[in-house]
Amino acid sequence: MKKGYFGEFGGQFVPEMLMPPLRELEAAMRDILPSDTFRAELDDLLRNFAGRETPLTACPTLSAELGVNLWLKREDLLHTGAHKVNNTLGQALLAKYMGKTALVAETGAGQHGVATAAAAARLGLECVVYMGATDVVRQAPNVMRMKLLGAKVVPVQSGTKTLKDAINEALRYWIAQQDSTHYCFGTAAGPHPFPTLVRDLQCVIGRETRAQMQERVGQLPDMVVACVGGGSNAIGMFHPFVDDASVRIVGVEAAGTGEPGCYNSAPINLGRPGVLHGQHTMLLQDADGQIEPSHSVSAGLDYPGVGPEHAHLGAIGRVTYGMATDSQALEAFQALTRREGIIPALESSHALAWVLNNRDKLPAGGHVVVNLSGRGDKDMEIVREVLFREGELA
Amino acid sequence: MSAAIHTDMNDMLPEAPVSRLEARVAAANAAGRPALVPFLTAGFPTLDRFWEEMDGLDRGGADVIEIGVPFSDPVADGPVVEAASLRALENGVTLRWILDGLKARKDRYNAELVLMGYYNPFLQYGLENLAADAAAAGVAGFIVPDLPLEEDAEMRALLAARGIDLIALVGPNTSEERMAEYAAVASGYVYVVSVLGITGVREGLPPEVPQTLARARKAFRLPLALGFGIKEPKQLEGFPDRPDAVVFGSALLRHIDAGNSAESFLAAWK
Ligand SMILES: Cc1ncc(COP(=O)(O)O)c(C=O)c1O
């Protein structure tokens with residue numbers, strides 16, 4: 001297979017001027033990442049700074065209703081509130097070993113921005129975060145957290161003023177600042193080697209889940225489920241199970257409002273292959289190859305592309321990619337909150353929503369693990385708006 | 001698959017034909033000046049004005065015109081080219097509109113024509129159709145800023161089979177070894193990016209430009225076109241080695257956006 005490809009997906013579709021830093025990063029992955037000193041230092045950060053390992057929580061009420069044993073992998077309990085910190089600590093530490101003094105990142109919901117800012121602060125690196133101007137407004141509390149952590153937040157006014165434009169701007173910045181700066185990419189997408197690097201750093205999720213299931217019930221799960229934006233929490237959960245034929249794997253894309261033709265964030269289900277942000281992957285695009293705006297109630301899933309490994313796993317049929325709508329996600333959000341006492345992120349609520357709405361596809365009596373990628377504190381404003389509008393909260 | 005195309009092509013064309021772009025730059029140099037290579041976004045500032053400014057650039061002495069194919073996400077471009085690109089998309093510009101327009105104006109231009117754009121619109125058009133339609137429209141070359149050597153074999157071979165060049169881009173951080181890899185496949189001219197950055201007008205050119213040009217001279221036998229940030233001839237004064245061609249994009253777009261004609265922009269360079 002061609003270097004940096006997953007089947008026909010992946011690659012390095014970037015300006016020539018980004019090839020040297022991408023190669024430098026490939027070399028660092030090869031030489032630094034596997035070393036004992038790096039491993040030990042990252043392990044310490046993950047345990048004692050971020051809070052790993054995360055629990056595997058059984059859900060008695062929902063399990064009884066669904067007729068399966070439902071488990072949650074609790075990435076929401078990590079420092080900064082989501083799985084993103086697994087990746088940012090790894091990349092920030094790698095950047096430091098590479099002799100870089102600064103990080104640049106893009107962010108949509110602000111979760112990756114906050115996780116990058118925290119890792120930078122912890123490791124003494126400068127940090128610049130590009131964020132679409134629309135997201136700066138709708139995710140104000142995360143902007144505040146990034147600033148408190150010492151990051152410079154730059155609102156992006158171009159294009160659709162959301163995540164995809166923030167990525168464009170971060171790539172432009174990286175071209176100019178590549179000597180001093182590492183691009184801490186936030187998901188398992190983008191040009192090679194990012195999809196592999198981010199996956200390797202997130203695989204701790206699936207490895208722990210495997211061991212916890214073996215220990216608690218003496219078997220592998222029958223099904224694992226995760227939401228897919230760019231795809232980092234999902235690939236982190238899925239990858240350690242891909243070779244286990246007995247484990248069914250479901251990725252859940254955001255269907256948006258759900259009526260036919262609506263804006264959505266479901267490129268595997270509703271898009272076509274194309275090239276954006278350095279990768280050949282499934283994309284939302286028009287007939288002329290212009291990228292279409294995406295939509296999801298959860299800003300973290302609001303991206304018109306997806307990591308190339310997911311495009312591949314979908315194409316070969318190893319992973320089933322389903323969808324959940326905005327309102328299904330909100331219902332799942334409330335279900336988990338009321339019945340199990342856990343407030344999930346709206347992104348993670350999509351994964352749970354698929355489980356709640358596809359009972360016929362669940363392994364009856366079996367073990368289903370949902371990756372709870374983040375907590376819902378950041379979503380209070382948006383949830384309040386919607387639920388008040390619908391008269392469900394007084 | 002691309003390897004197979006390479007072999008077929010070699011069977012078809014035992015001798016590479018002389019590139020029209022290479023010949024055109026050489027002719028300007030023989031007349032004692034750098035070739036003038038303006039960049040204009042298709043359909044900017046309006047659909048009609050674009051074709052008028054194309055005529056103006058041609059009358060004004062452009063040797064090669066780089067026509068920007070607009071894309072929603074132009075990562076190698078600064079705010080001026082990006083804004084022009086988004087404006088063109090709002091005006092309804094598509095790759096088909098550009099190629100149809102050029103076909104209808106075949107042989108109208110003295111300048112050679114190059115299409116410059118991001119890979120996805122080309123890919124969605126279909127690379128084989130693209131090569132055929134571009135040849136029919138008289139296009140002599142393509143520049144695809146997000147298609148480095150690792151990914152360009154298929155497009156390069158399909159274009160070459162039609163006598164169309166895929167222009168190599170190199171920059172301040174491109175090593176001589178890397179340039180040599182491009183030199184093994186490159187044709188037409190070589191686009192030398194002046195800065196480690198994106199397109200946009202800059203007052204001075206960075207001090208490393210002469211070194212970049214010197215490395216490129218060693219690696220390539222093709223003419224060198226310098227671009228990114230170029231506005232006026234005095235920026236090139238004092239260079240030990242003058243580039244064979246100069247590309248102006250953002251400065252020209254700003255000039256047009258301020259209500260001036262493209263033709264008047266070229267006057268300073270003659
Ligand atoms: C909690 C949470 N889950 C999921 C995502 C989606 O990203 P990915 O698909 O890379 O896991 C985000 C992104 O911001 C997030 O904050």
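Naming convention: chains lettered A, B, ... in sequence-line order (proteins, then strands); numbering from 1 in each chain. Everything numeric here is computed off the predicted structure, so don't read it as measured data.
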Could you have a look at [options] and say which one has the most heavy-atom pairs with chain B under 4.5 angstrom?
options: A:Val14, A:Leu171, A:Ile167; answer: A:Val14
options: A:Leu276, A:Asp179, A:Ile175; answer: A:Ile175
options: A:Gln12, A:Arg172, A:Arg272; answer: A:Arg172

Can [X] and [Y] be counted as having a side-chain donor-acceptor contact under 3.5 angstrom?
X: A:Asp165; Y: A:Tyr130; result: no
X: A:Tyr183; Y: A:Gln178; result: no
X: B:Asp152; Y: B:Tyr119; result: no
X: B:Asp77; Y: B:Thr199; result: yes
X: A:Glu8; Y: A:His312; result: no
X: A:His277; Y: A:Tyr303; result: yes

Side chain from CB out, backbone as N, CA, C, O: work out which of these in [X] comes under 4.5 Å of a heavy atom of chain A, or both, or neither.
X: B:Tyr118; result: neither
X: B:Leu95; result: neither
X: B:Pro74; result: both
X: B:Arg178; result: side chain
X: B:Pro121; result: both

Which of the residues [options] is involved in the greatest number of heavy-atom pairs with chain A at under 4.5 angstrom?
options: B:Leu149, B:Leu86, B:Leu89; result: B:Leu89
options: B:Val193, B:Val195, B:Asp146, B:Val144; result: B:Asp146
options: B:Glu82, B:Gln124, B:Glu151; result: B:Glu151

Note, B:Leu169 side chain near B:Tyr182 side chain (heavy atom, < 4.5 Å): no
Check whether any side-chain heavy atom of B:Met155 lies under 4.5 Å from a side-chain heavy atom of B:Leu158, and answer yes or no. no
Which of A:Gln177, A:Gln91, A:Lys96 passes side-chain hydrogen bond (donor to acceptor under 3.5 Å, both in side chains) with A:His182? Answer is A:Gln91
Any donor and acceptor pair, going by atom type alone, linking the side chain of A:His280 with main-chain N or O of A:Phe9 inside 3.5 Å? no
Step by step, would you call A:Glu24 with A:Lys100 a salt bridge (charged side-chain N to carboxylate O under 4.0 Å, His left out)? CA-CA 11 Å; A:Glu24 186 186 355; A:Lys100 304 291 177 187; 3.1 Å; yes
Which members of residues 284-294 of chain A, sorted by number, sit under 4.5 angstrom from chain B on a heavy-atom basis? A:Gln285, A:Ala287, A:Asp288, A:Gly289, A:Gln290, A:Ile291
Chain B contact via A:Pro191 - side chain, backbone, both or neither, heavy atoms under 4.5 Å: neither
Segment of A:Met17 engaging chain B (4.5 angstrom heavy-atom cut-off): both
Can A:Asp135 and A:Lys161 be counted as an ion pair, charged N to O under 4.0 angstrom? no
